[in-house]
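One structure is given below, encoded as structure tokens.
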Amino acid sequence: MAQIFGYSGKILRVDLTTGKISTDETLKYKDFIGGEGMSMKIMWDEVDPGTKAYDAENKIIFGTGPLCGTGVPCSGRTNITSLLPTSPFNGVSSSHMGGYFATELKYAGWDMIVVEGKAANPVWLRIEDEKVTIEDARWMWGKGIFDTQAMVASFMGKEAQAAAIGQAGENMVNLSVIRTGASHSAGGHGGVMGSKKLKAIGVRGTGSVKIAGDRKDWMELDKFMMSIIGANNQMVVPTTPQPWAEFSDKSSRWTARKGLFWGAANPPVETGECNPKDMQSVGLRTQKAIFDLGPGAEKYTVRMGGCSHCPIRCHSQLKVPQLEKYGMDPYVANTCVGWSGPRGVMFNGIKDFDGHGEDSNIVGNAIGTTLADDYGVWCNYAQIGRDLKYCWDKGVFKRVLPADEYASIPWEKLVKGDATFLIDFYDRVAFKKGEFSHIGDGSAAIALRWGLGDDYWNDKNGKLWTRGGYPVHHSNEAGAQVGALISCFSNRDAQNHSHMNFIGSKLPIKIQKEIAGEIFGSPDALDPPNDYKPMNTFKARFAAWALKRSILHNSLTVCNWMWPMSVSHDKERGYRGDTGLEAKFFSLATGIKMTEKELDEAAARCFTLFRAITVRQMGDADLRAGHDHMNKWITKADKDKEGKEIPQFTPGTIQMTEEDMALAQTMLYREFGWDEKTGAPTRASLEMYGLAGVAEDLARRKLLPS
Amino acid sequence: MDEATENGGGPSGALEPAAIVEAIRASSAAAALCCRSALSSRFPRADIAALVGASGAADLRLIEGRTETYYFSELSMTRAYAVHLFHVAEKDPLRMVAETVREESRLYPRPTDLRTFLDPPFGLTPSELAATVGALELQEEGRDIAQVRASNGALYLYCTSYLVPALALSLAEWIEVGQKDNP
């Protein structure tokens with residue numbers, strides 16, 4: 001067998017119904033890059049339309065890509081693809097987690113794991129290099145994720161990595177996660193593992209990933225990447241004025257400064273200013289605890305954690321001794337919505353409770369994230385809290401809950417801001433206790449079950465983007481139509497940061513527009529924040545690029561919370577980054593020469609295949625009407641204090657218009673070559689992407705646009 | 001503020017130009033401006049301006065204050081930071097706040113969180129800041145500076161030459177409230 005580079009070359013297949021374990025070849029899917037792209041191909045080929053997320057016939061695919069395990073910065077991502085339980089039509093979707101699982105899988109010699117079928121009794125999958133076994137998980141079943149990981153470690157050693165579900169996943173709560181490490185969660189697919197009675201996957205790898213290119217070239221490219229990388233989300237400007245920096249922005253995630261510490265480290269570690277000329281301080285740039293939890297978190301911060309092969313440490317690892325009062329481990333870790341999702345459940349805020357005083361917010365956050373991470377409950381990008389608030393405000397719970405159940409819920413704690421409410425909340429959700437627990441079914445399901453109508457979907461505070469039941473995630477507030485378009489295509493929150501890692505860089509708008517002009521053909525691709533203009537072709541190009549880069553990153557697999565490197569902190573480079581880095585690394589790693597354009601085209605193929613699966617799963621080619629529609633709050637004009645409407649496209653409003661967004665979608669469809677009326681892939685576009693077989697299949701089902 | 005000028009050659013000084021250049025660079029490396037008066041004390045017989053100009057050190061820049069000249073080296077300090085230090089050194093908080101707000105409204109564009117001026121390198125006390133904001137409302141220096149308050153109560157300033165009120169309000173609201181819901 002010829003030497004394979006970048007890829008390990010093997011896909012592990014596990015049928016839990018039969019217990020069969022087999023090996024497949026990775027490179028027969030190479031047109032789909034890896035990770036998410038290859039997973040979409042397998043889902044298209046092997047999961048029939050009409051299959052439901054919890055059916056044995058559904059597959060769940062843990063995917064890595066050719067850059068994972070090579071040492072490329074920010075390449076420790078695992079992509080998980082399966083049918084999504086929260087999708088009203090069980091659409092295919094991907095979730096992602098960082099940590100060290102993906103790299104360990106590559107070192108064990110596997111690019112992906114495809115799990116199908118359903119075990120008769122709880123099992124876990126044990127992977128030690130080539131040796132793969134299905135193990136009895138009866139003693140793991142019923143345990144939280146922390147204990148499950150400890151059990152996997154006790155069997156396989158502390159070097160092993162585990163991806164596991166908690167009680168929420170076991171109970172097939174739609175809003176459940178798969179987690180690895182202390183804080184790396186992939187939201188949405190925990191219940192699929194639970195439906196297969198698969199409690200965990202443990203992996204230990206002792207091999208390596210081979211690189212095709214010259215080592216010196218590799219190191220030079222790596223060094224260059226390290227010279228332009230910023231802080232978390234590729235923010236390249238520090239929060240405070242600093243001697244080395246031309247710019248500053250208090251909203252930046254480059255929080256490092258003199259006098260800022262990892263306060264609970266022994267001895268405390270000062271971040272310092274992290275001048276980018278000092279490459280050794282990259283990992284100190286993002287003191288994420290104070291960003292996510294406020295300045296009070298500094299003294300609780302032990303350190304920043306993160307993923308394999310990532311110099312940007314974006315997970316706060318805290319010691320909160322007050323947790324012991326509740327029988328919880330004082331060590332707690334998370335990042336971003338891992339904190340704010342549970343906090344969002346406390347929709348009145350977290351106030352002084354149990355005598356925690358000014359530290360109540362930190363303690364409350366820590367309680368919430370500990371519970372969510374152990375039970376494995378997903379917040380649907382903080383939507384679970386907004387749903388709770390809506391149903392509370394509108395009296396839904398009084399209407400739908402039995403009186404005794406309603407009376408048993410400690411609402412007074414929620415209202416007062418006592419975060420111990422979360423203990424009761426997560427217990428009900430994870431164990432599906434009572435009618436209330438259906439809040440864990442997801443937004444589309446509760447709308448149906450509890451009769452929530454237009455008022456629910458069109459509530460501006462609810463932030464639900466489409467009737468697919470998912471919320472905003474860097475949408476119209478992020479690049480106007482660009483962000484709005486990006487949110488229309490997934491079957492869950494977009495999880496797309498390709499645009500955010502550019503426009504959220506905190507550089508002045510003049511520089512950003514110059515760079516937008518160079519990448520997308522015109523500075524008009526980017527509007528100044530909150531000062532929007534009507535749609536244009538360049539914004540469509542920007543949105544299409546962002547969509548392609550997202551699936552590309554999830555296929556390579558590199559972190560879309562850092563990549564692409566559109567900008568840098570380097571004044572001498574005019575703050576330019578390098579959007580061709582993915583292709584350069586891919587070519588060097590695999591020996592398969594690909595230009596930036598060619599790799600983007602491969603990504604477009606993957607994204608179009610995802611689109612085709614959505615058409616087939618919905619049984620309807622009119623995606624514009626049936627899938628991509630946005631809820632009306634997005635296109636409703638704001639009102640000023642006097643109640644007068646603020647026209648869209650005037651400074652100070654980010655509201656869209658229906659007409660403009662219809663045009664935006666048309667332009668976006670055109671960018672991919674899809675049908676401009678329905679947004680579905682056409683025969684011509686499918687053939688252009690090398691997907692003629694997909695076109696034939698859709699034609700047979702009468703699902704090609706006429 | 002008098003805009004800094006490039007170093008423009010001129011006759012070579014007779015006394016220790018290298019030491020003067022090094023002193024300026026050392027100050028910048030320590031995050032401080034180097035005052036001409038301080039250099040004159042250290043090198044009493046030197047014509048500092050002439051020596052700096054003749055040094056050929058392309059990284060050196062100066063900012064002219066009311067009675068003082070401030071030098072810095074771009075090897076370790078950006079002009080933007082030097083300007084902040086200049087304002088602090090000039091002990092003119094009114095001008096410091098007004099010009100910083102103007103620049104942020106023009107450049108990014110964004111309103112400026114008032115609390116910015118309590119932190120380094122500005123370092124105003126709360127009472128100094130309150131007095132400055134009050135003075136801005138009354139004096140000519142603040143004619144183009146307006147206030148906007150986010151829904152959480154945070155006060156921001158902006159320059160009316162670059163931001164209209166509705167935009168300033170929406171940006172302040174986003175910084176204070178909106179982005180925390182959209183991490």
Side-chain angles (χ1 to χ4, degrees), chain A residues 233 237 239-251 253 257-259 273 275 277 291-292 294 335-341 343-344 381-382 385-386 461 463 471-475 477-478 483 500 504 506-512 528-531 571 638 640 646 650-654, chain B residues 27-33 72-85 87-88 100 103-123 148 152 154 156 162-176 178-183:
Chain A
N233 281 183
V237 165
T239 50
T240 56
Q242 298 180 10
W244 63 268
E246 201 173 11
F247 312 115
S248 63
D249 189 312
K250 64 167 279 190
S251 304
R253 299 182 184 203
R257 57 174 166 76
K258 279 183 181 169
E273 288 190 337
N275 187 320
K277 287 178 182 169
F291 184 89
D292 286 337
T335 192
C336 292
V337 179
W339 294 114
S340 63
R343 181 171 70 235
Y381 198 64
R386 289 188 287 266
N461 294 323
K463 296 190 175 182
V472 296
H473 192 159
H474 304 314
S475 307
E477 82 286 0
M500 281 309 295
K506 310 301 182 187
L507 289 168
I509 189 64
K510 180 173 181 287
I511 295 173
Q512 289 191 43
N530 296 22
D531 189 4
K571 184 180 180 182
D638 283 332
D640 63 18
I646 304 170
T650 58
T653 181
I654 62 169
Chain B
S27 287
S28 295
L33 296 175
F72 67 100
S73 164
E74 286 196 328
L75 290 177
S76 54
M77 184 180 291
T78 62
R79 169 169 297 283
Y81 192 79
V83 168
H84 293 323
L85 295 183
H87 285 309
V88 172
T100 303
E103 179 65 358
E104 296 203 344
S105 292
R106 181 193 70 81
L107 182 66
Y108 291 102
R110 67 176 185 233
T112 301
D113 181 355
L114 201 60
R115 293 164 293 192
T116 300
F117 299 104
L118 298 173
D119 297 328
F122 306 106
V148 64
N152 68 350
Y156 279 67
Y162 302 107
L163 295 174
V164 298
L167 181 55
L169 175 61
S170 71
L171 291 171
E173 185 66 14
W174 171 253
I175 294 166
E176 286 296 318
Q179 68 177 355
K180 292 180 175 61
D181 291 335
N182 298 271

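Keep in mind that the numbers below use all heavy atoms, side chains included, and drop hydrogens, waters and symmetry copies. Reminder, nothing fancy here: chain letters follow the sequence lines and each chain counts from 1.
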**Message:** Counting heavy-atom pairs closer than 4.5 Å to chain A, which one of B:Ala31, B:Pro165, B:Ala29, B:Ala166 comes out on top?
**Reply:** B:Ala166

**Asked** Which region of B:Leu169, side chain (C-beta onward) or backbone (N, CA, C, O), has a non-hydrogen atom less than 4.5 Å from a non-hydrogen atom of chain A, or is it both or neither?
**Response** neither

**Residue B:Asp119 versus chain A: region with a heavy atom under 4.5 Å** = neither

**Prompt:** Who pairs with B:Trp174 by ring-ring contact (aromatic ring centres under 6.0 Å, His included), at least two apart in sequence or on another chain?
**Reply:** none

**Message:** Taking side chain as everything from C-beta outward and backbone as N, CA, C, O, which of these in A:Asp249 sits under 4.5 Å from a heavy atom of chain B? Side chain, backbone, both or neither.
**Reply:** both

**Item:** Residue part contacting chain B, namely of A:Lys506, when any heavy atom lies under 4.5 Å
**Value:** both

**Message:** I'd like to know which of A:Pro528, A:Ala245, A:Ser340 tops the heavy-atom pair count under 4.5 Å against chain B.
**Reply:** A:Ala245

**Prompt:** Does any heavy atom of chain A fall under 4.5 Å from the side chain of B:Glu103, the backbone, both, or neither of them?
**Reply:** neither

**Fill in**
So, the part of A:Thr335 with a heavy atom under 4.5 Å from chain B: the answer is neither

**Prompt:** Among A:Gln512, A:Lys510, A:His474, which has the most heavy-atom pairs under 4.5 Å with chain B?
**Reply:** A:His474

**Part of B:Arg110 lying under 4.5 Å from any heavy atom of chain A** = side chain

**Item:** Per-residue contact mode, B:Leu75 against chain A (heavy atom under 4.5 angstrom)
**Value:** backbone

